[in-house]
Amino acid sequence: MDGYRSGFACFVGRPNAGKSTLTNALVGTKVAITSSKPQTTRHTIRGIVHREDGQLVLVDTPGLHRPRTLLGQRLNDLVRETWSEVDVVGFCVPADQKVGPGDRFIAAELEKVAKRTPVFGIVTKTDLVSQQQVAEQLLALQAVMGFAELIPVSAVDGYQVDTLAELLVGKLPEGPPLYPDGELTDEPEQTLVAELIREAALEGVRDELPHSIAVVVEEMLPREGRDDLVDIHANVFVERPSQKAIILGHRGERLKQVGINSRRQIEKLLGTRVYLDLHIKIAKDWQRDPKQLRRLGF
């Protein structure tokens, strides 16, 4: 294992900067939920990249933002805790959005860790803009802070994804693999299943709803007498009756679609057929209630 490197990297950035999509592209499969709605990542999902020269464990973090709720504050604390413990940090800024005050706020925070941890500047979503705009964005990002590396990537068309993996691995300490070969995440299956249901529930909902949705898998067991079917019982929590009506849809049609879409992804994840039983419950103002946050896993 001469010269083999292994360690942890995390991606940080404003909400919706392409961090989860980039994590999935590097791992080669879906381990983090992706949504066009900002602030949809709630757990730091670990994705594992296996290479001949090393093993890169990616920690996906929620978007850093100015918090308006106790949940928001806890998510921000989680981000800072994560980047203080990894070997290299990737700061993601989308190519199609101007570098703004939110990015500068994160960069100022990162300056504190950059003395001991290499920080990469990563321009994401380069497939959405011209080469000229990518070049301008790289210059704009360079002006924000001094980076160990500056690299443009596209998780959608794979542009420079391998190069980024190579650069990240190069910054890891030498050492043996941390996880067995073939393992792609250390998240419990139940957490991933809950995230896939939440991703399906987020599709097409109005802006105020995403942050009010939480999913808890109450039970996940193989069907008795059958080795080709898993029964999953899950609750989708919202904060108000009006939100329950949105998720449910006309005559329950929307919830049915959430079940169909998430079951497809869950079956792919588990490699088996799934019976999915979904219920919507109201947990009033859970984002602001410490007791309820604990119960919902935050």
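Positions are given from 1, in the same order as the sequence printed here. Side chains included, hydrogens not; waters and symmetry mates left out as well; all remaining heavy atoms used.
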For [X] and [Y], work out which heavy atoms get closest and say how close.
{"X": "R51", "Y": "A165", "result": "NH1-CB, 3.8 Å"}
{"X": "V134", "Y": "P152", "result": "CG1-CB, 3.7 Å"}
{"X": "F147", "Y": "G121", "result": "CD2-N, 3.3 Å"}
{"X": "T272", "Y": "L229", "result": "OG1-N, 3.8 Å"}
{"X": "Q137", "Y": "P94", "result": "NE2-O, 2.7 Å"}
{"X": "V49", "Y": "L26", "result": "CG2-O, 3.6 Å"}

Can you tell me how far the [atom1] atom of [X] sits from the [atom2] atom of [Y], to the nearest 0.5 Å?
{"X": "L110", "Y": "K115", "atom1": "CG", "atom2": "NZ", "answer": "11.0 Å"}
{"X": "L276", "Y": "R264", "atom1": "CG", "atom2": "CZ", "answer": "12.5 Å"}
{"X": "I282", "Y": "R240", "atom1": "CD1", "atom2": "CZ", "answer": "10.5 Å"}
{"X": "K171", "Y": "L167", "atom1": "NZ", "atom2": "CG", "answer": "8.5 Å"}
{"X": "I122", "Y": "L141", "atom1": "CD1", "atom2": "CG", "answer": "9.5 Å"}
{"X": "F237", "Y": "I247", "atom1": "CZ", "atom2": "CD1", "answer": "13.0 Å"}

In sequence, state the C-alpha distance, the side-chain angles, and the governing distance for Q243 and E239, and then conclude on side chain to side chain donor-acceptor pair (under 3.5 Å). CA-CA 7 Å; Q243 295 171 338; E239 293 185 301; 4.6 Å; no
Donor-acceptor pair, side chain of [X] and main chain of [Y], under 3.5 angstrom:
{"X": "Q55", "Y": "Y179", "result": "yes"}
{"X": "Q265", "Y": "L196", "result": "no"}
{"X": "E267", "Y": "V274", "result": "yes"}
{"X": "S6", "Y": "P176", "result": "yes"}
{"X": "D87", "Y": "L172", "result": "no"}
{"X": "D103", "Y": "G100", "result": "yes"}
{"X": "S262", "Y": "A200", "result": "no"}
{"X": "T126", "Y": "V153", "result": "yes"}
{"X": "E253", "Y": "H250", "result": "no"}

Heavy atoms, side chains only, cut-off 4.5 Å: are [X] and [Y] in contact?
{"X": "L164", "Y": "F120", "result": "yes"}
{"X": "L139", "Y": "Q142", "result": "yes"}
{"X": "E219", "Y": "I232", "result": "no"}
{"X": "M220", "Y": "V230", "result": "yes"}
{"X": "V193", "Y": "E195", "result": "no"}
{"X": "V89", "Y": "V12", "result": "yes"}
{"X": "I48", "Y": "L58", "result": "no"}

Evaluate the ring planes of Y275 and H233, with Trp represented by its six-membered ring, and classify them as parallel (under 30°), tilted (30 to 60°) or perpendicular (over 60°).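 Y275 and H233: perpendicular rings.
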Side chains of S154 and D157: any donor to acceptor distance under 3.5 Å?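 There is such a pair (donor and acceptor under 3.5 Å, judged by atom type) between the side chains of D157 and S154.
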Does a side chain donor of either Q133 or S130 reach within less than 3.5 Å of an acceptor in the other side chain?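 Yes - a donor-acceptor pair under 3.5 Å links their side chains.
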Path from [X] to [Y] over hydrophobic side-chain contacts below 4.5 Å:
{"X": "L150", "Y": "V119", "value": "yes"}
{"X": "V113", "Y": "V59", "value": "yes"}
{"X": "L248", "Y": "V215", "value": "yes"}
{"X": "F105", "Y": "V144", "value": "yes"}
{"X": "V156", "Y": "F11", "value": "no"}

Can you confirm whether R104 is buried at CZ, in the sense that more than 12 heavy atoms of other residues, nucleotides or ligands lie under 6.0 Å from that atom?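 Enclosed.
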Per the side-chain hydrogen bond (donor to acceptor under 3.5 Å, both in side chains) rule, what does the pair list look like for residues 89-98, sequence neighbours excluded?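 Matches after skipping sequence neighbours: R14-Q97.
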Could you walk me through whether L22 and N24 satisfy the side chain to side chain contact (heavy atoms under 4.5 Å, CB included) test, starting with their C-alpha distance in whole Å, then the side-chain angles of each, then the deciding distance to 0.1 Å, before giving a yes or no? CA-CA 5 Å; L22 187 55; N24 292 338; over 6 Å; no
Side chain to side chain contact (heavy atoms under 4.5 Å, CB included) between D277 and H279, worked out: CA-CA 7 Å; D277 178 38; H279 293 275; 3.2 Å; yes
Could you walk me through whether N261 and K256 pass the side chain to side chain contact (heavy atoms under 4.5 Å, CB included) test, one step at a time? CA-CA 9 Å; N261 294 352; K256 194 168 145 191; over 6 Å; no
Among L178, L168, L56, which residue meets the side chain to side chain contact (heavy atoms under 4.5 Å, CB included) test with F8?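 Testing F8 for a side chain to side chain contact (heavy atoms under 4.5 Å, CB included) against L178, L168, L56 leaves exactly one candidate, L178.
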Ion pair E109/K112, N-O distance below 4.0 Å: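 Judged by the 4.0 Å cut-off on N to carboxylate O distance, E109 and K112 do form a salt bridge.
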Apply side chain to side chain contact (heavy atoms under 4.5 Å, CB included) to L278 and I197, showing your working. CA-CA 9 Å; L278 286 182; I197 295 168; 3.8 Å; yes
